[in-house]
Amino acid sequence: INGGNFMCRIGAIKSKNYIHPSTILTLMRSQQKGHDNSGFAMVMQDVERVFSQYKDKPLLSLACTQKGAKLVQDYMDKSGFRHLHEWQPKISNKPGLDIKAMPYYIFSVYDYPDYLTNASRESKDELLLNTRLALRALLEKDDNGYVFSFWPDVLTLKEIGDPRDIATYFGLWEDRGELVGRNVVVQCRQNTNYEIVRYAAHPFFLQGYTLCANGENTFYTKNKEYQKSLHRGYIGFESDSQNFLYALHYVLHELKWPIKYYKHVITPLPFDEVEQRPDRNELRAIRQTLGHLEINGPNTVIAMLPDGSIMTCCDSKKLRPVVVGGTKEIMAISSEVCGLNVILPDRDESADIYPNEREIVMITPGMEVQRWKQ
């Protein structure tokens with residue numbers, strides 16, 4: 001099945017109180033017809049219960065073989081990381097489940113090496129990225145596993161198979177009192193434009209930035225060649241949607257620009273409109289210097305930022321649906337309004353936002369909804 005004619009379904013929830021993964025699974029299940037049972041992935045930020053004492057310590061999320069687990073353990077010991085805590089989901093391996101399970105799923109919290117005790121946030125962030133890339137290379141060599149994220153207070157789970165069966169396998173339908181979070185982004189479908197590998201499953205994660213997309217990017221090759229030269233963390237390219245994440249990371253983390261410019265980078269305004277604007281010099285400069293980060297094709301993006309805010313935006317023709325809605329306590333972004341209806345039946349539907357092709361809609365850490373016009 002080609003991704004272009006078979007829409008993905010994506011969703012995100014931001015909540016004042018901790019929510020269990022079953023909430024977002026329910027939001028996604030209502031959109032069942034829009035995914036092909038090829039996979040499930042979620043990134044949870046601001047996690048509690050099993051990890052509540054370790055929120056400032058990096059959490060490693062990986063799936064691996066027995067040999068892979070040993071390779072990781074040896075590497076982390078050698079690198080000076082001290083193991084603090086591990087959570088292993090209680091697996092329910094019922095017969096007939098459609099899941100291509102790995103032998104081990106490891107969610108481990110570490111303390112930073114001693115030499116980083118007084119180091120800056122930047123130094124720690126760089127080490128976490130370098131460590132994840134090194135572990136990925138180590139595990140990739142003989143197909144010993146996949147490392148998805150290594151970051152404080154972030155947990156990532158990715159698997160191939162039917163989302164309902166994957167959730168059953170990991171016990172995510174019932175709240176066993178172990179895993180909850182305030183922010184979660186999820187997609188119930190593998191990336192079927194390319195070979196199915198776990199790394200290709202959205203959401204993607206890099207240094208505190210999480211992103212998933214519904215649609216496709218016809219400028220994939222152009223983006224990829226340029227992004228490879230920009231940053232050592234821009235690797236893999238198992239999916240054309242990784243370009244969106246790398247562009248987001250580049251604009252916000254590397255260039256340190258405000259979020260509103262992300263939209264100008266990925267979907268620049270037509271030249272004649274640029275000339276009418278007071279900020280035309282900046283917009284011209286963006287087109288000249290970052291033209292290779294422009295994306296094209298029908299798509300909707302949902303992203304989660306390091307501060308816990310969640311945003312969404314669409315392509316310049318708005319060819320993929322998305323809706324934002326909720327209450328004072330819980331806000332959600334969904335490909336389809338039925339997702340909101342099933343988890344937030346009592347919300348004020350008249351306040352739902354259907355983002356247009358010229359804006360970014362953001363839910364801030366304080367649960368305020370902001371709309372940034374392009």
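- Under the salt bridge (Lys or Arg N to Asp or Glu O under 4.0 Å) criterion, D279 pairs with R277, not counting sequence neighbours.
- For the atom pair CD1 of I266 and CG of L248, the computed distance is 8.5 Å after rounding to the nearest 0.5 Å.
- Partner M311 forms a side-chain contact (heavy atoms from CB on, under 4.5 Å) with one of L211, T364, I259, V361 and no other, that one being I259.
- Annotation: the span from Y18 atom OH to D175 atom CG amounts to 14.0 Å, rounded to 0.5 Å.
- Judged as a side-chain hydrogen bond (donor to acceptor under 3.5 Å, both in side chains), and not counting sequence neighbours, the contacts of E126 are Q207, R232.
- A donor and an acceptor atom, one from each side chain of S108 and H83, are located under 3.5 Å apart.
- Ion pairing between a basic and an acidic side chain is recognised when a charged N comes within 4.0 Å of a carboxylate O; E48 and R182 show no such pairing.
- Salt bridge status for D162 with R164: present, with a side-chain N to carboxylate O gap under 4.0 Å.
- With sequence neighbours excluded, the residues forming a side-chain hydrogen bond (donor to acceptor under 3.5 Å, both in side chains) with S22 are H20, listed by chain and number.
- Residues satisfying the side-chain hydrogen bond (donor to acceptor under 3.5 Å, both in side chains) criterion with Y209, sequence neighbours excluded, are absent altogether.
- L344 has its side chain out of reach of M331: every pair of non-hydrogen atoms, C-beta onward, lies at least 4.5 Å apart.
- For the 3.5 Å distance criterion, the side chains of K124 and S120 fail to qualify, holding no donor opposite an acceptor.
- Between the side chain of K318 and the backbone N or O of P355 there is at least one donor-acceptor pair closer than 3.5 Å.
- When each of V184, L179, L60 is tested with L155 by the rule side-chain contact (heavy atoms from CB on, under 4.5 Å), just one qualifies, namely L179.
- Taking hydrophobic clusters as Ile, Leu, Val, Met, Phe, Trp and Tyr residues chained together by side-chain heavy-atom distances below 4.5 Å, F51 shares a cluster with L84.
- Looking at Q370, its side chain never comes within 3.5 Å of a backbone N or O of I360 through a donor-acceptor pair.
- A salt bridge links D352 with R347; the closest basic N to acidic carboxylate O contact falls under 4.0 Å.
- Partners of D111 under the salt bridge (Lys or Arg N to Asp or Glu O under 4.0 Å) rule, at least two apart in sequence or in another chain, are K57, R82.
- Contact annotation: the side chain of D153 never approaches that of L59 to less than 4.5 Å [non-hydrogen atoms, C-beta and beyond].
- Looking at R121 and D125, a side-chain N of the basic residue comes within less than 4.0 Å of a carboxylate O on the acidic one, giving a salt bridge.
- The number of heavy atoms from other shown groups lying within 6.0 Å of NZ (K70) does not exceed 12.
- By the salt bridge (Lys or Arg N to Asp or Glu O under 4.0 Å) test, K100 is found to be paired with no residue, residues two or more places apart in sequence or in another chain being considered.
- Applying the salt bridge (Lys or Arg N to Asp or Glu O under 4.0 Å) criterion to E178, with sequence neighbours excluded, gives K90.
- In this structure the side chain of V154 reaches within 4.5 angstrom of the side chain of F205, judged on heavy atoms.
- Heavy-atom contacts from other residues, nucleotides or ligands closer than 6.0 Å to CZ of F271 number 12 or fewer.
- Annotation: side chain of W372 is not in contact with side chain of P258 (no heavy-atom distance under 4.5 Å).
- Between V323 and L340 the shortest side-chain heavy-atom distance falls below 4.5 Å.
- Applying the side chain to side chain donor-acceptor pair (under 3.5 Å) test to every pair with at least one member in residues 292-301, sequence neighbours left out, gives these pairs: T218-N296.
- Between Y246 and N223, every side-chain heavy-atom pair lies at or beyond the 4.5 Å cut-off.
- Remark: R198 engages E159 in a salt bridge, criterion side-chain N to carboxylate O under 4.0 Å.
- For the residue pair T23 / T26, no side-chain donor-acceptor distance below 3.5 Å is found, with atom types taken as modelled.
- Legend: residues meeting side-chain hydrogen bond (donor to acceptor under 3.5 Å, both in side chains) with T117, ordered by chain and number and at least two apart, are absent.
- When side chains are defined from C-beta on, I302 does not count as touching S335, because their heavy atoms never get closer than 4.5 Å.
- Transitive grouping of hydrophobic side chains (ILVMFWY, heavy atoms separated by less than 4.5 Å) keeps V180 and L25 in distinct clusters.
- A heavy-atom distance below 4.5 Å is not found between the side chains of T312 and V301.
- Here E273 pairs with R358 in a salt bridge; the nearest charged N to carboxylate O distance falls below 4.0 Å.
- Under the ring pair (Phe, Tyr, Trp, His ring centres under 6.0 Å) criterion, the residue pairs touching residues 154-174 are Y105-F170, with sequence neighbours excluded.
- Ring geometry for H264 versus Y261: interplanar angle of 30 to 60°, hence tilted.
- Defined by atom type and a distance below 3.5 Å, a donor-acceptor pair is missing between the side-chain atoms of S15 and N17.
- The pair D46-K55 meets the salt-bridge criterion, since a charged nitrogen lies less than 4.0 angstrom from a carboxylate oxygen.
- Every residue was checked against the ring-ring contact (aromatic ring centres under 6.0 Å, His included) condition with F244, not counting sequence neighbours, and none meets it.
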Side-chain atoms of residues 137-151: list all donor-acceptor pairs with protein atoms under 3.5 Å, sequence neighbours left out, distances to 0.1 Å.
residue: E140; atom: OE2; partner: R136; partner atom: NE; Å: 3.4
residue: N144; atom: OD1; partner: T65; partner atom: OG1; Å: 2.8
residue: S149; atom: OG; partner: T156; partner atom: OG1; Å: 2.7

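- To the nearest 0.5 Å, atom CZ of residue F219 and atom CG of residue N243 are 11.5 Å apart.
- Here the two rings, on Y110 and H85, have centers that are 6.0 Å apart or farther.
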